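All chains are named by letter (A, B, ...) in the order of the sequence lines, taking the proteins before the strands, and each is independently numbered beginning at 1. Since the structure is predicted, the reported quantities are computational estimates derived from the model, not experimental observations.
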Amino acid sequence: MDFKSLASQYDHAAAQKRWYPFWESRGYFHAEANDPRPPFTIVIPPPNVTGALHLGHALNNTLQDILIRMKRMQGFNTLWMPGTDHAGIATQAVVERRLFEEEKKTRHDLGREGLVARIWKWKDQYEARILSQLKQMGCSCDWARTQFTFNEHNSRAVREWFFHLFKDGKVYRGKRLVNWDTFLQTAVSDDEVFHEPVKGHFWHFKYPVAAKDRRPGEPEFVTIATTRPETMLGDTAVAVHPDPAAAFDKVGAELREKLLQATVKEKAELEEQMTLLLDRRAKVLPQLEQLRDMAKRGVQLELPLTGRTIPLITDEWAKPELGSGAVKITPAHDANDYEVWQRHPEIGAINILNPDGTLNENVPQQYRGLVVRKAREAVVADMEAAGVLVEVEDREIDLAHSDRSKTPIEPYLADQWFVKMDELAQSAMDAVTSGRVKITPERYAKGYLDWLNEKRDWPIGRQLWWGHRIPVWRVSLNYGGSITADRNTVAETLKRSQEEAPSQLRKYLLAGGLKEEEFAMQLDDEMLYCCILNPLGDQALSAVSQYWNALESAIESRTGSDMASIDEFNLGEFATAAASIPSRKVIFRMDREDDVLDTWFSSALWPHSTLGWPDETPELKKFYPTSVLITSRDIITLWVARMVLAGLYNVGDVPFHEVYITPKILDGYGETMSKSKGNGVDPLDIIEKFGADALRFGLAHLTTDTQDVKLPVDFECPHCGTQFAQTKKNRQLPRIECEKCGKPFSTQWAEKPEDKALPRGAVVSERFELGRNFANKLWNAARFSLINLEGYDASAGSTAPGSAGGFSENDLLLEDRWLLSRLATVTQQVTDTLERYRYADAARTLYDFAWNEFCSFYVEMTKARFSVPDQRQTAQRVLAHGLDVLMRLLHPMMPFLTEEVWQLLGQVAPTRDLPAAVEPVPGPSLKGTGSGAAESICIAPWPAADTARQNATIEQQFADFQAVLGAVREIRQTQNIAQREEITFSVRCDGATADLLRPMQPYFTQMARATATNLGQNAGAPDVAASRTLTGRQGQIEVHVDVSRFIDTKAERKRLEKERDNFLKQIGSIESKLANKNFVEKAPAEVVDQQRAKLDELRGQLASIEAALKRL
RNA sequence: GGGCGCAUAGCUCAGUUGGCUAGAGCACCAGCUCGACACGCUGGGGGUCACAGGUUCAAGUCCUGUUGCGCCCACCA
């Protein structure tokens, strides 16, 4: 191949298109459980199928792929498990919104099955898009194993886990205040709620003391205050503090404590608070104590508008320093009041809301059916009319809104399934404190532990349709075909047959074909719950259900028949028999729970369910526990913690040994990227413009462990190519007009046909220019090498005796030894930093080495050597080897470019190993050594550092050469000597350095168009010279360039004077340091010596600067 | 309210256990069509390391406080 015809710019699109299919077709990404090599496993944090991936995902997945690719090269049996998450509420909300926007339909118009079918379609579409994005980024996932949290297998795993928790008594049913979204009619979790201040009011009401409980001298009313007056209809008590004086004192003491440590500014404010507190105490304490006494006596209050009376109670929740000191208690609609109820069960709870947000039958007739807002108005008006409205204050209220529907949240008491967290949480805490799971960066362990330490039970039900339906059947009693499952009756009946009901049901289930270990039951005060493991789920159940319905009636019609005789019936018969159930007969009725499980319930299983659990697959045995989890910090609690406890519970081992928390990608304003904010960037835009390698390298380069990554982004006009900043204003617009050419283009928000018809403007960031430029630099270094490897002799340098060719250790020149030494160090550094997730360090090390050492020096220097027949082959061998190692080290970050180069290199230089300076240590090593002739760089061995070639002396000698070259170049530039002018220079230095520099003459010519006329201890300066003084390995090096033809005396003097001043300043500072007794005595001897040496050096340099000045 | 971070050049970021004149990329300035690369080469300018104290022979680095910003959690009759 004629390598000269290779394009001078790296064609990323072509490389991507060429190599990804190649890798896939060769099956490099596929892992088998029976592969004997040690495993290295990562499970992907499954992206939500809500939408396409943005740069945050790109970062996360790039970092995973870098590790996976390195480990693959290191010889591990590498598995990267891909997949997506069904993301319950988020996905359903997106699809519902789309449904409404496009067809003006709600989910109720479609029904459960219809809506779920829609969401599946959406899922298919976005899953395909997500997987395609990952492939275009170059991710080397084992695609054949692609998983989905809601596929059949994972559904089975979910049922299995739930069933075992249920059976263990770790799942229970309880009442709980949920954030009720009255629009979507579902509970939403706390993290799906946002708070927004709205203007509201603070109403003060007085509740009369019941006439019968009034005593002279005591208050006739208790005043309470609320921001939600309609909730008074659900009040079940009013509370006052049991010891208001003590409570006041406690608050006072806290204030005093603060005051002690307060700054002047805070003091005034705190003192004012203190005064207010004391005033208040004086004013209200007697009355509060009276109320307290009344409460202890059991006084009742009349609850206005309702005709009910409620008790006055004492509870510490009532803060004497707030409001009136008395607080209304509405357990069904306020979380704190709910807690009060738990402490005072006798007060009860009254739910006043219907799921749609209207008031229900528990409130007086006139309020029923009103929405909260209307009810509030009505209640306030009626309270005023009743003369119990004391006062209305304006107040700003931080009101909870649903993230999905943007409507206000109503706290609502609902039945929920919970997972008991005590032991599970403890196990997950132990895993981290014992070091079995290591979190990097360490600081994130604290949040994990703190959160788990609260051991709050986990509410797992969601009132949604898209998700894993809870595998529990409510067993109620049904009187003769009427399906009213009247709770009280059921409870009563069940209570009566408490012992009997479960055993009865058990018989039926067994008769229905279920095995003993496939179902479990829980009986609470109200209901019998049955959890069924059978993977056929609904289907099996309906058969069972039919079976016992029919069975009951059969038994009824066959007086005296016993259970033993059921075998003679088959299902068909029972189905017909069921039609004739006598109306007075009590039979069981089973209804499946409507709720689905929290998405995290299924994602918690991800590391083991994707490997086959609950089956004991070879994969599970081989790849579990996985090696590392790479994810973002905001799901450490929601996801990571739950995976740990689920893994321990189900498999008996942690799901991963390490967790690496990535930084977050922020936009130019420091805000996190998200689709909803409109600041998300599609990685494909970046890939198209800069290439996948540039994207990946850029992201790795930004990944430091201390900071998030701010990434200002620009729109790129598709008409004229102008880039201009994405701002908070324009980032959500469907169409934007170019700032330069004024022509409009569309954005990701384009919905209307006329907008969509416009050309799409890409969102780009100049941050990725770094990676693109680097890729191009590498490409050209490779191109240069390929062109010049003509005649490369693979056998040259073979250690085999008698081999032909010009390579032998003795032929290695200084620059060869330098490069090999550096290569060993860089290999060590890159390996080490990547193992420790220090991606940016690895990227920077490679960037600096490749650009400033390999290209700027080694490659440059080979130019002079290729024309020297004696040197050509050695230079080719070392160049090819250097490029080979560099490509392998870069491959995890830049897979496409490195493969492209690898393949081309293979054409001209099929093997590129150099004999190791020392024999590698024998024994099983995972790290590769030579590249061999791997057919793809994906599976080429990871470079091993040939540490025997590390040589500090060589590196220092080379540094001296670099310094001299730099001095000559600098003089050229500062003297304004044209590039094409040949110049001469002399170097005064020790003999060893002169010997070193003498053979470098071709490089001075090559790289600085300069000829050394005199080298050595006695080398004098030309008459008219510009000079630099350097500190070499063996002493001072003076570089004098003959500038007689060019001298700009004024400029040179100015420069030298500036430099002299600089030196004087430094010398002064070191002198004073050394004059300081404390420093000399206390600082370590080596630091002092270092300073003394430095001083000598500086003085020497100063002297030569002064000499140069004199000469001018 | 509790917790965790961050603040270094115009911009985006490095700066490992305190120790040479604090670095990089982009942007900026000057000069370069020399056969790998103008997505390049050579050289240059640019920083009171947010502020105030403290520890130390020595502080960008450690401690305390202040200010500003971000995130997480809790709470708000």
Side-chain angles (χ1 to χ4, degrees), chain A residues 3-4 6 8-10 190 195 202 224-228 231 239 263 265 317-319 322-324 326-330 334-337 397-398 441 443-444 446-447 450-451 454 633-634 636-637 664 666 668 670-672 690 694 701-702 704 706-712 765-767 769-788 838 840-841 844 847-848 855-856 859-860 863 966 969-974 976-980 1006-1009 1062-1063 1065-1066 1069-1070 1073 1076-1084 1086-1088 1090-1091 1093-1094 1097-1098:
Chain A
F3 295 113
K4 280 183 192 151
L6 290 172
S8 68
Q9 277 191 12
Y10 168 54
D190 291 341
H195 292 261
F202 199 41
I224 52 91
T226 180
T227 57
R228 297 186 298 152
T231 60
T263 58
K265 214 172 90 187
W317 166 238
K319 306 273 183 264
L322 293 177
S324 67
V327 57
K328 66 196 268 304
I329 303 298
T330 323
D334 180 281
N336 291 300
D337 295 0
I397 300 157
D398 216 15
R443 63 176 179 278
Y444 293 114
K446 184 173 161 51
D450 287 352
W451 185 81
E454 292 191 25
R633 81 172 88 92
D634 35 46
I636 293 175
T637 52
K664 294 190 82 163
L666 311 174
E671 294 179 18
T672 57
F690 300 100
H701 193 263
L702 292 168
T704 60
T706 50
Q707 294 213 29
D708 289 340
V709 177
K710 240 197 277 179
L711 201 87
S765 172
E766 65 174 28
R767 289 281 94 84
E769 283 176 14
L770 172 89
R772 183 207 44 194
N773 295 352
F774 185 45
N776 200 49
K777 184 75 181 175
L778 292 164
W779 169 248
N780 277 290
R783 196 165 70 105
F784 169 85
S785 307
L786 292 166
I787 291 169
N788 288 289
R838 301 191 59 102
D841 287 348
R844 283 164 217 260
Y847 184 93
D848 291 342
C855 289
S856 293
V859 169
E860 280 304 318
K863 288 176 183 172
R969 281 172 163 178
E970 191 199 325
I971 291 167
R972 278 199 91 105
Q973 288 288 335
T974 50
N976 275 319
I977 300 173
Q979 214 95 51
R980 47 182 39 204
Q1006 164 77 28
M1007 298 168 82
R1009 284 219 170 196
N1062 202 346
F1063 273 99
K1065 211 168 90 190
Q1066 277 182 65
S1069 107
I1070 294 181
K1073 207 183 262 183
N1076 183 346
K1077 261 209 163 126
N1078 282 327
F1079 174 69
V1080 180
E1081 282 165 16
K1082 292 187 185 169
E1086 52 198 76
V1087 173
V1088 178
Q1090 208 179 20
Q1091 289 297 311
K1094 179 78 190 165
E1097 191 185 312
L1098 288 170

(request) Using Watson-Crick or G-U wobble pairs with both distances under 3.5 Å, give me RNA chain B in dot-bracket, 5' to 3', with [ ] for crossers and | for pairs to another strand. (result) (((((((..((((.....[...)))).(((((.......))))).....(((((..]....))))))))))))....

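The same atom, C1', is picked in B:rC26 and in B:rC20; the two are 28 Å apart, to the nearest Å. Using P as the reference atom, B:rA58 and B:rG5 are 28 Å apart when rounded to the nearest Å. Using C1' as the reference atom, B:rA38 and B:rG31 are 14 Å apart when rounded to the nearest Å. With both ends at atom C1', the span from B:rC63 to B:rU56 equals 12 Å, rounded to whole Å. Rounded to whole Å, the separation between the P atoms of B:rG65 and B:rG2 comes to 13 Å. Only the P atoms considered, B:rC57 is 15 Å distant from B:rG18, to the nearest whole Å. Rounded to the nearest Å, the gap between the C1' atom of B:rG25 and that of B:rA9 is 12 Å. Separating the P atom of B:rA36 from that of B:rG45 is a span of 30 Å, rounded to the nearest Å.
When each of B:rG3, B:rG25, B:rG19 is scored by its nearest atom to the side-chain atoms of A:Leu770, the top-ranked nucleotide is B:rG25. Comparing B:rC4, B:rU21, B:rG35 by their closest approach to the side chain of A:Gln1066 singles out B:rU21. Among B:rU21, B:rG35, B:rG19, the nucleotide with an atom closest to any side-chain atom of A:Phe1063 is B:rU21. Distances were taken from every side-chain heavy atom of A:Lys1094 (C-beta onward) to each of B:rC71, B:rU21, B:rC13; the shortest belongs to B:rU21.
The pair A:Arg844-A:Asp848 fails the salt-bridge criterion, with no side-chain N (NZ, NE, NH1 or NH2) lying under 4.0 Å from an Asp/Glu carboxylate O.
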(request) Report, as a single string ordered 5' to 3', how protein heavy atoms within less than 4.0 Å touch nucleotides 37-47 of chain B: B base, S sugar-phosphate only, - not at all. (result) B-BSSBS-S--

(request) At under 4.0 Å between heavy atoms, which parts of nucleotides 7-12 of chain B does protein reach? Answer with one letter per nucleotide, 5' to 3': B base, S sugar-phosphate only, - none. (result) S---BS

(request) Classify every nucleotide of nucleotides 56-61 of chain B by which part a protein heavy atom approaches to under 4.0 Å, writing B for the base, S for the sugar-phosphate alone and - for neither, in 5'-to-3' order. (result) -B----

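Spacing between atom CE of A:Met1007 and atom C1' of B:rG35 amounts to 16 Å, rounded to whole angstrom units.
For A:Arg633, the salt bridge (Lys or Arg N to Asp or Glu O under 4.0 Å) partners two or more places apart in sequence, or in a different chain, are A:Asp708. Checked against ring-ring contact (aromatic ring centres under 6.0 Å, His included), A:Phe774 has the following partners two or more places apart in sequence or in another chain: A:Phe697, A:Tyr847.
The shortest non-hydrogen separation linking A:Cys855 to A:Lys777 is CB-CE, 3.8 Å. Minimum interatomic distance between A:Tyr10 and A:Asn776 (heavy atoms only, all atoms of both residues): N-OD1, 3.0 Å.
At B:rG15, one or more side-chain N or O atoms of A:Arg838 fall inside 4.0 Å of OP1 or OP2 (strictly under the cut-off).
Atom CZ of A:Phe3 sits about 11.0 Å away from atom CG of A:Asn788, to the nearest 0.5 Å.
Between A:Arg228 and A:Thr330, the closest side-chain pair of non-hydrogen atoms is not below 4.5 Å.
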